[in-house]
Amino acid sequence: MNLGMESAWLLPALCLLAFLILSMGALWGYARFLPDGGSWLAILAIGSGFVLFWPIAGDLLARGATAFSTPWIDVAGAHLELGMALDPLAVIMLGLVTFVALCVQVYSLGYMRGEAHYTWYFAAHSLFAAAMLGLVLADNFLLLYVAWELVGLCSYLLIGFYYERRSAAEAAKKAFVTTRLGDVGMLIGILLLFRATGTFQMSEIFHQVERGALDPGLVSAAAFLVFMGAMGKSAQFPFHVWLPDAMEGPTPVSALIHAATMVAAGVYLVARTYPLFVAAPAVLGFVTAIGLLTTLLAGSMALVMTDIKKVIAYSTVSKLGFMMVALGAGGAGLTAAIFYLATHGFFKALLFLGAGSVIHSTGHQDLSEVGGLGKKMPVTAGAFLVASLALAGVPPLSGFWSKDEALLAIQAGQGWLVYSLALVSVMLSAAYTGRLWFRLFAGEPKGAASQHAHESPWVMGLPMLALAALSLVSGFVALPEVGVALGLPGGLGQFLFFHEPEPFHFDPGVAFTSTVAALLGLAMAAGFYWQRAWSPAALQEMFAGLHRVLINKYYLDDLYQAVIDRVVLAFGAFIALFDRVVVNDTGVNGTGAIAVIAGEKLKYTETGKLPNYALAMAVGVLGVLLAAALTLLSR
Amino acid sequence: MTGLPWLSVLVFLPVAGALLLALLPAQRPLLVKQAAAVITLLDLLLAGMLWTAFDASSTAIQFVHQAPWVPPLKITYYLGVDGLSLPLVLLTALLGFLAVLVSWNINHRVKLYFALLLVLQTGVLGVFTALDFVLFFLFWEVELLPMYLLIAIWGSPPPLGRREYSAMKFLIYTILGSAFMLVGLLALYFSTGTFNLVDMARADLRNTAVPATLIFWLIFFAFAVKLPVFPFHTWLPDAHTDAPTAVSVILAGVLLKMGGYGMLRICVSLFPQVAYTWAPTLALLAVVNVLYGALVTLRQGDLKRLIAYSSVSHMGYVLLGIAALGEVGLTGAVLQMVTHGTITGLLFALVGLVYDKTHTRQIPELGGLAHRMPFIATVFMIAGLASLGLPTMSGFASEFLVFVGTFPVFGWYTLLGASGIVLTAGYILWMLERSFFRGPLARFDHVGDATLLERVPLVVLVATIMIVGLWPRAVTDVIRAGLQPILSRLG
């Protein structure tokens, strides 16, 4: 069998098969006859995907990008096809998704052991993997939208995994509805492009855009609308509110879906549809602005959260915003953003798995209840440290290289203001991640739960170590020598680029500045939470107003709730009342009542006297004639 | 498929079955139910055979059964199906069979109940297959009486519901519509000298006795009541809420589709020019339906009322697709009728199960049911997701076609219509969360899940929804054949 690029569809198909077997097993109850509830089926599927990834990637390097498709609906004027394509962007995402999903699923064997709905958990993971792999392989907007909605569904299902908790059930709903707002925009954008070009095929649409065959206003509108979808999925301001709430899901889910892969789909989408954005500079500017706003807002909120998962969640929102800023820079920004997306996938998934390890061991996830775990959980602490330093961007870890590529692109494309604000975001990242690590692992165990903490089993430790290894070294792929050794034409920029290959740059000035920013952030965290040179409480006292704003998430969640309650639902209530009182009780029942009353009155006109009837007939005929005359005249 | 006039057998088998039921002993209700199930299953198999024997590459009317009936008036007995009606015929037969299964718990006047259900099925199948306007009208009226009785006798009694009010409202509303249709019918006859719908469609209707626009709207009104179109929709939530489960399934699943089907078969086919002129108005009405329906749905606390109002919203997409008067939009509209029939049929069947087991339909009183009835909860979730247009399920395929087909024509109306899917997500997910999620409630501790028999209709409908969602061509290729004559007239 030839395992070339054309067999890429096998990756989602295998996961889909696992989903079907497991979900049916969970529903009809035969899953209990499968060893370990069938979890190995899910892992087998995604593991095969990871194995298949290598020959596919090799084939891509040998033969170059390719595309293939199958018809879905065939109506004159709408030949809808489900098409797939494989190019460097897709193959990087394939590798990332299969690898992180494999790590997370293996980790889940330990983390989720003994949970009710164990089989269902792995079924949902398989469906997610299938949808996510379909999403990155899609080369037309129809399949993309289908997969896009399906990953959203999996997110909904897994956030609501502990559906008996009201907070989880509500968070799931919030995530779905919030992202759907963005999705409607994206759907309309797709329709707009279809109306203009008559196709959903992305390559064809981009070809027309680049030829200048489409109206610039239309391209801008479409780019903006597509970006709305990206904003929803990647939790960009003002749609970011769902992601922190999504932490109600099991922690491995947060690692895979709400950190490494699905939430990055918005960034991926912008990269995938980059020709639209490049042709619409105003929208690209908007992407930058939203990204910047998001990265700073979320970074500042991450500083004050005390729930471990919430800190990491806001960090994710912030870093996604950072990737958007890089994308907004145009050209080299695409390479940088996807490079960052991949390294972020490794270290952010690792942060969540580390957090999960702590939660699994102590049963707590609030910084006020756990801490000082370094000696009790050395593997977790070490892995967490690697991930934190990578996130902070300390050389030579992966985050350093990818962040610097992004900063370089921003410096070149955006000017000094955006660049300085991006540096602030880097410093914020270092500060909150330092705070998290020091509070969790430095010093003596805090509280009874931390006293009794123990290291997690190897089935959870091993995936963490694998991710830690990649968090350490994956950044080197930017270097041409490493790239060539891996079989790439050169550094990452020579493999993944928009139009022009990006030669590897290293700017000592940027590297120095960003490293200083990161170290500054880490030093502040160390000063407050490790050396205790300064008191966090005093700082909080000093900026009580600001702290209140941050801890209340800039009051945005409250604002949205008020809009939903006081505007949308209130309007719904008004319309519902109108429907009953005006349309039904007055209009319908009223007409009925008039008929009854009229009948009562009219019975007196039934006189039985011929002249009366004759008169009525005459009036009637006259009326008909008049109507006929009017109709004729009006022609 | 030669020999017997299979279409006539299909249409009249249920009513013959109803006569058979009358002969069965009343003290053996199970036998009556089994007989009804066998009859409707046979009818379903017959419809399935017609589906496989149907030649989708031909645009001709197929399985024609034609005979003179009232020769002086040129009224003929004329049955036939094309790609437009065949999917709805199959849908009717499918839901007819499932409705019998859903009614297994009926124990009050069993013989009459199932006989009426069967007569109803003949009426609906007749509407979808009649190609003579008088015959069509006759079947249209035949469906009324069983429906009225089914709601009035087996519906929710006071204080839970107002079954007699709702049944009467349904009856008066439909008859009012019929009266308008009758006037239109006569006007057409005097203009063309025929009742044959196929001939009428070929006739020159530019110089009619009464202005064509007037005839169009007279007939349209009858169908608008049925679909229903705002502001003539208020019979629907009442009828649905007070009807027994199986009747709600049929009502939402196929009766509403008679409206959409009639608009296509008669209004658009006969008066393409009038339809063109008034298309923007129709689209506006459609968008009002979608958004108005969705907004009202947001505030419904009764499961049945919620789904009933969501139907008003979803049928707006049918009208929107029709208003675009192009192949894609019309295909979407017909597909939406089929998908809405299966999805909403499933939702009503599920609500019936929930009500049977918990004795309430009030969402605020429910909660945590997924712990007690995981199977029902799972299927409810699937149905809900299908209703909110999740890709891979049939609702997405049809709504997407409607959007693709109408966007080039209407622009803003499509945008407004498409924004309705956010509201849909809102009320569906709210309903799921409040009814099935959150912690278990002590008062539902002894509530059980669906029995094996109850699972049959659920599984069949889920399978249909998934098949059509994943492979819409199975249906759209048939629809396409049926749309060609209309499209050629639209020019």
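Sequence lines set the chain letters: A, B, ... in the order given, protein chains first and strands last, and positions in each chain run from 1.
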Among Phe571(A), Trp28(A), Phe578(A), single out the residue with the greatest number of heavy-atom pairs under 4.5 Å to chain B.
-> Trp28(A)

Heavy-atom distances under 4.5 Å only: say whether Ala294(B) touches chain A with side chain, backbone, both or neither.
-> neither

Under a 4.5 Å heavy-atom cut-off, does chain A meet the side chain of Val475(B), its backbone, both or neither?
-> neither

[Y] side chain reached by [X] side chain, heavy atoms, under 4.5 Å:
{"X": "Leu142(A)", "Y": "Phe400(B)", "result": "yes"}
{"X": "Leu192(A)", "Y": "Phe407(B)", "result": "yes"}
{"X": "Phe437(B)", "Y": "Glu164(A)", "result": "no"}
{"X": "Leu187(A)", "Y": "Ile421(B)", "result": "yes"}
{"X": "Leu157(A)", "Y": "Met381(B)", "result": "yes"}
{"X": "Phe176(A)", "Y": "Ile428(B)", "result": "no"}
{"X": "Asn584(A)", "Y": "Trp235(B)", "result": "no"}
{"X": "Lys173(A)", "Y": "Leu432(B)", "result": "no"}

So which of [options] has the largest heavy-atom pair count under 4.5 angstrom toward chain A?
{"options": "Leu415(B), Leu214(B), Leu298(B)", "result": "Leu415(B)"}
{"options": "Gly389(B), Gly426(B), Gly368(B), Ala370(B)", "result": "Ala370(B)"}
{"options": "Leu385(B), Leu388(B), Thr414(B), Leu483(B)", "result": "Leu388(B)"}
{"options": "Thr378(B), Val379(B), Leu390(B)", "result": "Leu390(B)"}

Residues in residues 168-176 of chain B near chain A [non-hydrogen atoms, under 4.5 Å] = Lys169(B), Tyr173(B)

Tell me, yes or no, whether the heavy-atom count around Tyr30(A) atom OH, taken from other residues, nucleotides or ligands under 6.0 Å, exceeds 12.
-> yes

Trp217(B) CH2: over 12 foreign heavy atoms closer than 6.0 Å = yes

Residue pair Asp579(A), Arg299(B): steps toward the salt bridge (Lys or Arg N to Asp or Glu O under 4.0 Å) verdict | CA-CA 11 Å; Asp579(A) 191 63; Arg299(B) 300 302 298 192; over 6 Å; no

Would you mind checking which part of [X] comes under 4.5 Å of any heavy atom in chain B, side chain (CB onward), backbone (N, CA, C, O), both or neither?
{"X": "Asn589(A)", "answer": "side chain"}
{"X": "Trp148(A)", "answer": "neither"}
{"X": "Tyr145(A)", "answer": "both"}
{"X": "Leu150(A)", "answer": "side chain"}
{"X": "Leu191(A)", "answer": "both"}
{"X": "Ile190(A)", "answer": "neither"}

Evaluation steps, salt bridge (Lys or Arg N to Asp or Glu O under 4.0 Å), between Arg438(B) and Glu170(A) = CA-CA 9 Å; Arg438(B) 304 193 178 180; Glu170(A) 286 185 345; 3.0 Å; yes

Distance-minimising heavy-atom pair for Arg195(A) and Pro408(B) = CD-CA, 3.3 Å

Looking only at heavy atoms, the pair that brings Pro231(B) and Val583(A) closest together is O-CG1, 3.6 Å

Given Phe574(A) and Leu295(B), is the side chain to side chain contact (heavy atoms under 4.5 Å, CB included) satisfied, shown in steps?
-> CA-CA 9 Å; Phe574(A) 169 73; Leu295(B) 280 166; over 6 Å; no

State the OG1-CG distance between Thr234(B) and Asp585(A), to the nearest 0.5 angstrom.
-> 8.5 Å

Passes side chain to side chain contact (heavy atoms under 4.5 Å, CB included), Tyr163(A) versus His371(B)? Steps please.
-> CA-CA 10 Å; Tyr163(A) 60 82; His371(B) 302 274; 3.5 Å; yes

Verify side chain to side chain contact (heavy atoms under 4.5 Å, CB included) between Val404(B) and Phe200(A), making sure each step is shown before the conclusion.
-> CA-CA 11 Å; Val404(B) 171; Phe200(A) 289 110; 3.9 Å; yes

Identify, with sequence neighbours excluded, every residue that meets ring pair (Phe, Tyr, Trp, His ring centres under 6.0 Å) alongside His233(B).
-> Phe230(B), Tyr292(B)

For Phe436(B), what residues pass the ring pair (Phe, Tyr, Trp, His ring centres under 6.0 Å) criterion, not counting sequence neighbours?
-> Phe380(B)

Side chain to side chain donor-acceptor pair (under 3.5 Å) with Arg165(A): which residues, sequence neighbours excluded?
-> Glu248(A)

